[in-house]
Amino acid sequence: MIVMKFGGSSVESAAAITRVAGIVQERLQQRPVVVVSAMGKTTNRLLEIAANAVASDRTEALRLLADLEKFHIAESPKTAASLIASHFHELIAVVEELAELKEFPAQYVDLISSYGERLSSQIVALTFRQLEMDAVHVDARDVIITDRRHAQAAPLYPRTYARLAAQVKPLAAQQIVVMGGFIGATQDGFTTTLGRGGSDFTAAIVGAGIGAEEIQIWTDVDGMLTCDPRIVPGGHRVKVISFGEAAELAYFGAKVLHPATVVPAMEKNIPVLILNSRNPSSEGTRIVADRVACTNPVKSIACKQDITLVNIVSLRMLMAHGFLRRIFEIFDRYRTPVDVVTTSEVSVSLTIDNTAHLDEICQELGQIAQVAVERDQALICLVGDSIRDTHGVALKIFQSLGDVNVRMISQSASSLNLSLLVASADLKSAVTSLHSNLFATLDTSVFDENVQ
Ligand code: ASP
Ligand code: MG
């Protein structure tokens with residue numbers, strides 16, 4: 001059995017859903033369970049409708065709702081007509097309630113946003129049937145049982161796994177099960193969601209619950225690349241990578257997958273594949289629990305732009321204790337995450353990307369130290385678990401950087417990554433030369449030279 005998850009853009013239209021049907025049909029022997037996101041940008045659109053209703057703009061809310069209904073009708077088979085009508089009928093009632101309430105409690109966020117996946121999963125199941133595929137719809141809210149933390153619910157694993165094993169597994173042995181991602185319900189039946197982007201999480205939970213051999217996340221890119229194509233084109237496809245490495249990359253903006261959401265897969269040692277629904281013959285990227293041996297020390301280079309560097313210097317730090325605590329308390333008080341930190345005897349340098357409270361933070365820091373801020377920096381993050389034990393890798397990295405001024409370097413003892421801070425203006429040239437040096441020869445068991 002396998003789980004195949006298709007994101008919003010993979011099911012954004014009738015044509016896209018038909019393409020998905022073809023991909024599923026080719027894998028019938030593997031007994032797929034299909035998990036889908038809401039069609040296209042439906043979740044955002046539902047939340048916008050709700051915002052209008054809450055702001056007492058009923059007319060605008062209902063107009064947008066009518067547009068959304070038209071969109072669903074246009075992209076669905078005729079057999080879905082009454083189902084779409086009844087869902088939108090309910091949605092009108094939700095809009096009326098929100099307009100009365102004039103506020104948007106988290107239960108309502110979940111209620112209204114759940115309609116995206118409730119609709120898409122039924123529409124996909126009906127489209128499959130139209131194409132003579134033996135599909136059956138399962139309401140995710142009957143099997144994904146969660147706590148009550150609306151908008152960010154966590155599954156109650158023993159119950160959820162028991163239901164998946166009892167209800168989905170036997171069904172999937174006979175038919176193509178289609179479920180909505182992202183949604184669940186509390187034990188007493190209130191609709192919840194797992195947080196934005198939560199369909200990947202659903203796929204991992206379902207995979208773990210039915211004991212799938214593989215969890216496939218179908219997106220619209222060919223998987224992970226050796227570098228961010230927005231910065232430097234010409235990267236190679238990473239064929240296989242570990243969960244730990246993928247997690248480092250995702251944090252640094254490789255948007256393909258949120259690795260925290262695939263923890264259930266990792267715990268049950270189920271490989272996760274990133275595949276491209278617009279180029280299904282590409283093998284994509286396989287994310288595995290074990291270490292991936294590789295003769296290239298680095299598997300991928302990720303970047304994060306718009307970073308601000310904060311330099312804190314104080315002679316009082318010399319031989320004193322409690323200084324770091326005081327610094328971090330200030331960032332904590334303003335809920336500002338710190339990304340990379342380096343220290344010397346008398347100074348601390350750190351980076352942040354959320355500068356909303358920078359002025360207040362600097363003012364407070366100014367009472368205990370000298371503070372200097374530099375904006376327009378960029379972080380380059382080299383990820384690969386062989387970095388730490390490959391001789392000469394640092395030499396190679398610094399040689400590649402030539403005369404680029406590196407502002408900060410960070411690598412921890414057990415870390416899978418080495419981070420470098422450079423001025424934004426130097427980012428492109430730094431990454432270009434790092435990429436060409438670190439991937440001059442490729443370990444072909446890990447990389448595919450041809451992206452496509
Ligand atoms: N539809 C939800 C969202 O847009 C969940 C998902 O697509 O993963 O956040
Ligand atoms: Mg997603």
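What's counted below: heavy atoms across the whole structure, side chains too, no hydrogens, waters or symmetry copies. Both counts, for ligands and for their atoms, begin at 1 and track the order of listing.
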Legend entry - Phe447 and Phe439 aromatic ring geometry - parallel, tilted or perpendicular at 30°/60° bounds: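 Geometry flag for Phe447 against Phe439: perpendicular rings.
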Inset, instruction - Measure up the Phe88 and His72 rings against each other and bin them: parallel (under 30°), tilted (30 to 60°), perpendicular (over 60°). - result: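 Tilted, since the angle between the ring planes falls between 30° and 60°.
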Inset, instruction - For Ser37, take its heavy atoms, then give the atoms of ligand 1 lying under 4.0 Å from any of them. - result: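 So the answer, numbered in order with elements, is 6 (C), 7 (O), 8 (O).
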Inset, instruction - State whether a side-chain donor-acceptor pair under 3.5 Å links Asn52 with Glu60. - result: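 No, Glu60 and Asn52 have no side-chain donor paired with an acceptor closer than 3.5 Å.
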Inset, instruction - Decide whether an N or O pair under 3.5 Å exists between Arg196 and ligand 1. - result: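 Arg196 vs ligand 1: N/O contact under 3.5 Å present.
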Inset, instruction - Report yes if Glu117 has an N/O atom closer than 3.5 Å to an N/O atom of ligand 1; otherwise report no. - result: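 N/O-N/O distance below 3.5 Å exists for this pair.
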Legend entry - Heavy atom of Gly181, distance to ligand 1 below 4.0 Å: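 Gly181 does not count as a contact of ligand 1 under the 4.0 Å cut-off.
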Inset, instruction - For Gly197 and ligand 1, answer yes if some heavy atom of the residue is under 4.0 Å from a ligand atom, otherwise no. - result: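 Yes; Gly197 lies near enough to ligand 1 that a heavy-atom distance drops under 4.0 Å.
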Side-chain polar contacts of residues 153-163 - donor-acceptor pairs under 3.5 angstrom, sequence neighbours left out - could you list them?
{"unit_1": "Thr160", "atom_1": "OG1", "unit_2": "Ile145", "atom_2": "N", "d": "3.1"}
{"unit_1": "Thr160", "atom_1": "OG1", "unit_2": "Ile145", "atom_2": "O", "d": "3.0"}
{"unit_1": "Thr160", "atom_1": "OG1", "unit_2": "Leu156", "atom_2": "O", "d": "2.9"}
{"unit_1": "Arg163", "atom_1": "NH1", "unit_2": "Asp142", "atom_2": "O", "d": "2.9"}

Inset, instruction - Take atom CG of Asp67 as the centre, draw a 6.0 Å sphere, and report whether it contains more than 12 heavy atoms from other residues, nucleotides or ligands. - result: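 Counting neighbours around CG of Asp67, more than 12 heavy atoms of other residues, nucleotides or ligands fall under 6.0 Å, so yes.
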